[in-house]
Colleague: 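If you scroll down you'll find the structure; I have some questions about it.
Note on naming: letters A, B, ... go to the chains in the order of the sequence lines (proteins, then strands), and numbering restarts at 1 for each one.
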Number of protein chains: 2
Amino acid sequence: MNAPRRASYHHGDLHRSLLDAADIELELNGIEKFSLRAVAKRASVSHGAPAHHFGNADGLLTALATRGYGGFIAAQDRRENLAGDSPRAKLAASGLGYIDFATAHPALFRLMFTSERTDKANPSLADAANAAFEKLTRHIETIQHRDPYTDQLAMADVLACWGIAHGLADLMISGRLGRATFLAEMSEEERDAFFAEIILRGVSPQRGV
Amino acid sequence: MNAPRRASYHHGDLHRSLLDAADIELELNGIEKFSLRAVAKRASVSHGAPAHHFGNADGLLTALATRGYGGFIAAQDRRENLAGDSPRAKLAASGLGYIDFATAHPALFRLMFTSERTDKANPSLADAANAAFEKLTRHIETIQHRDPYTDQLAMADVLACWGIAHGLADLMISGRLGRATFLAEMSEEERDAFFAEIILRGVSPQRGV
DNA sequence: GCGCCGAACTTGACAGTGTCTAGATTGGCG
DNA sequence: CGCCAATCTAGACACTGTCAAGTTCGGCGC
């Protein structure tokens with residue numbers, strides 16, 4: 001079928017293969033030990049091959065980050081589909097999906113949000129990041145009946161919720177939440193409820209409507 | 001006075017000089033482009049010299065992160081001293097100091113919180129990080145009259161406030177808060193008040209007492 | 001006051017990295 | 001069917017961190 005047809009000089013779909021290999025290498029070694037040559041070796045290709053598809057190492061990482069946002073949004077959708085119908089339940093679920101993704105793909109999450117090896121001017125990457133942000137603003141808009149882009153109070157809710165979800169996710173994958181010993185003793189449902197409650201602290205008490 | 005007495009073979013206080021040089025190099029180039037040889041060159045010393053004081057590059061970075069926590073706590077103290085007497089005002093001020101430090105030393109902040117090049121098992125580093133955490137727990141304890149280490153509700157407040165401050169700081173230094181355009185138009189006082197209000201959302205409504 | 005020991009520092013070598021250039025291969029269009 | 005251009009390889013270069021061996025010298029014992 002799609003066996004690695006590599007009796008040939010050309011590859012077939014090296015672009016995707018390189019992204020897959022880079023993904024694996026990234027999670028294995030982290031961004032700070034990321035090696036382009038190791039990626040090439042994993043894809044069974046010469047060390048110079050990636051340049052033709054991605055320009056340089058940062059280009060490959062930028063493409064990987066862009067692809068990452070797909071999984072990022074999918075993780076949030078998955079949670080939302082399991083949640084209740086209330087706008088607040090959807091928002092909390094989205095936040096849990098945010099944390100899910102970070103814990104499942106910590107290195108990729110770091111690449112997407114805190115690495116400097118990504119070209120933030122890249123239009124595809126910017127679009128992908130923007131889509132994720134849009135998702136959040138619409139949740140808040142549904143809850144507060146105000147457009148965060150024009151209403152400063154609604155934007156405060158956006159930043160608050162984002163900050164909480166992002167902060168918890170980042171602290172979690174750097175192992176900083178270990179001091180809250182009871183977290184480890186909780187069941188999955190209890191932990192979800194615990195984080196959901198914290199995330200919802202980000203939205204200010206409903207005014208009007 | 002303490003001019004660089006470097007007509008001599010030995011250096012005098014290379015340990016400190018290397019940390020200073022590493023600090024500068026870190027903020028200039030970021031962690032991902034950090035070069036040990038560039039640090040040595042900046043300290044006017046051979047590329048092999050750092051090894052004698054710090055073992056390897058990660059050892060130097062670990063020491064730098066440890067020293068960083070001093071400035072981190074100092075930044076929070078500075079804000080607290082300017083704040084009102086109420087426990088909540090102190091907590092909010094501490095959070096603003098958290099953000100102050102991140103924006104003033106973004107690369108060092110990254111090294112301390114999200115880099116993998118730091119030896120988290122190092123006792124000095126662990127102690128320093130712990131002191132910063134202790135600071136936060138005592139703020140919450142003062143507000144809620146409960147010990148976060150034994151009271152799960154109080155610990156939720158700790159994680160919530162930490163998550164918000166950390167998330168905002170991290171998003172801010174990665175330039176993600178630019179979409180909230182009104183932030184740039186605010187005066188310093190307005191922005192402080194804006195963030196302080198958000199940070200205080202982390203503490204749940206006071207129960208009892 | 002003197003010698004010498006060990007800490008501090010230098011120097012050179014080594015494997016590994018990303019990027020560039022020149023050359024080999026080959027799928028697919030005219 | 002032939003050739004072009006995209007794809008991939010192979011080698012070279014400068015740079016990285018680490019290691020081992022050699023050089024310098026402050027400060028302790030006598």
Side-chain angles (χ1 to χ4, degrees), chain A residues 2-26 28-65 107 111 115-119 122, chain B residues 2-22 24-26 28-65 107 111 115-119:
Chain A
N2 53 5
R5 46 159 139 158
R6 203 51 174 60
S8 139
Y9 192 90
H10 287 353
H11 182 280
D13 193 2
L14 183 55
H15 189 93
R16 165 184 293 272
S17 295
L18 283 173
L19 284 175
D20 291 342
D23 202 347
I24 296 174
E25 283 291 325
L26 191 64
L28 283 180
N29 303 325
I31 318 174
E32 285 157 349
K33 291 182 187 169
F34 181 83
S35 160
L36 185 59
R37 288 170 107 108
V39 171
K41 182 174 291 182
R42 179 173 291 273
S44 307
V45 106
S46 80
H47 65 266
H52 215 279
H53 291 271
F54 299 99
N56 56 20
D58 288 5
L60 171 56
L61 290 172
T62 298
L64 190 58
L111 174 68
S115 175
E116 299 160 10
R117 304 196 58 179
T118 251
D119 176 19
N122 181 288
Chain B
N2 53 4
R5 46 161 137 156
R6 201 53 174 60
S8 140
Y9 192 91
H10 287 353
H11 183 280
D13 193 2
L14 184 55
H15 190 94
R16 165 184 293 269
S17 295
L18 284 173
L19 284 176
D20 291 342
I24 296 174
E25 283 291 325
L26 191 64
L28 283 180
N29 302 327
I31 318 174
E32 284 157 349
K33 291 180 186 171
F34 181 83
S35 159
L36 185 58
R37 288 171 107 109
V39 170
K41 182 174 292 183
R42 178 173 291 274
S44 307
V45 105
S46 78
H47 66 265
H52 215 277
H53 291 271
F54 300 99
N56 56 19
D58 288 6
L60 171 56
L61 289 172
T62 298
L64 189 58
L111 173 68
S115 175
E116 299 161 9
R117 304 197 58 180
T118 252
D119 177 19

Colleague: Tell me whether the side-chain N/O atoms of A/His52 come closer than 4.0 Å to OP1 or OP2 in D/dT7.
Modeller: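 Yes, because at least one side-chain N or O of A/His52 sits under 4.0 Å from OP1 or OP2 of D/dT7.
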Colleague: Need to verify one output field. Residue with the more 5' nearest nucleotide on DNA chain C, B/Pro50 or A/Gly55?
Modeller: B/Pro50
Colleague: Describe the nucleic acid contact of B/Ala57 in one word from base, sugar-phosphate, nothing, applying a heavy-atom distance below 4.0 Å.
Modeller: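 The answer is sugar-phosphate, as B/Ala57 gets under 4.0 Å only of primed atoms, P, OP1 or OP2.
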Colleague: Starting from P on D/dT18, measure out to CG on B/Asp58 and report it in whole angstrom.
Modeller: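 That distance rounds to 7 Å.
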Colleague: Given side chains that start at C-beta, do those of A/Leu60 and A/Leu19 come closer than 4.5 Å, heavy atoms only?
Modeller: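 Touching, per the 4.5 Å side-chain cut-off.
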Colleague: I'd like to know if the side chain of B/Thr62 reaches the main chain of B/Asp119, judged simply by a donor and an acceptor atom lying under 3.5 Å from each other, with no hydrogens or angles considered.
Modeller: yes
Colleague: Within the 4.5 Å heavy-atom criterion, are B/Leu61 and B/Phe54 side-chain neighbours or not?
Modeller: no
Colleague: Please report, rounded to the nearest Å, how far the P atom of D/dG17 is from the CG atom of B/Leu61.
Modeller: 10 Å
Colleague: Between atom CD in A/Glu32 and atom P in C/dG18, what is the gap in whole Å?
Modeller: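 Spelled out: CD on A/Glu32 to P on C/dG18 is 15 Å.
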Colleague: Are B/Arg42 and B/Leu28 side-chain neighbours, meaning at least one heavy-atom pair lies under 4.5 Å?
Modeller: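 Side-chain contact under 4.5 Å: yes.
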Colleague: Please report the distance, rounded to the nearest Å, between NZ in B/Lys41 and P in C/dT11.
Modeller: 13 Å
Colleague: For C/dG16, does the base pair up with any side-chain atom of A/His47 as donor and acceptor (N or O, under 3.5 Å, distance only)?
Modeller: no
Colleague: Does a side-chain N or O of B/Ser35 approach OP1 or OP2 of D/dT16 to a distance below 4.0 Å, or not?
Modeller: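 Checking B/Ser35 against D/dT16: at least one side-chain N or O falls below 4.0 Å of OP1 or OP2.
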Colleague: I need the CZ-C1' distance between B/Phe34 and C/dT17, as an integer number of Å.
Modeller: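 My rounded result for the distance is 17 Å.
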Colleague: Could one point to a donor on the side chain of B/Arg37 or the base of D/dG17 with an acceptor on the other under 3.5 Å away?
Modeller: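 Answer is yes: a donor-acceptor pair is held.
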Colleague: Would you mind telling me which residue lines up with the more 5' stretch of DNA chain D, A/Gly48 or B/Arg117, judged by nearest nucleotide?
Modeller: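 Between the two, 5'-proximity favours A/Gly48.
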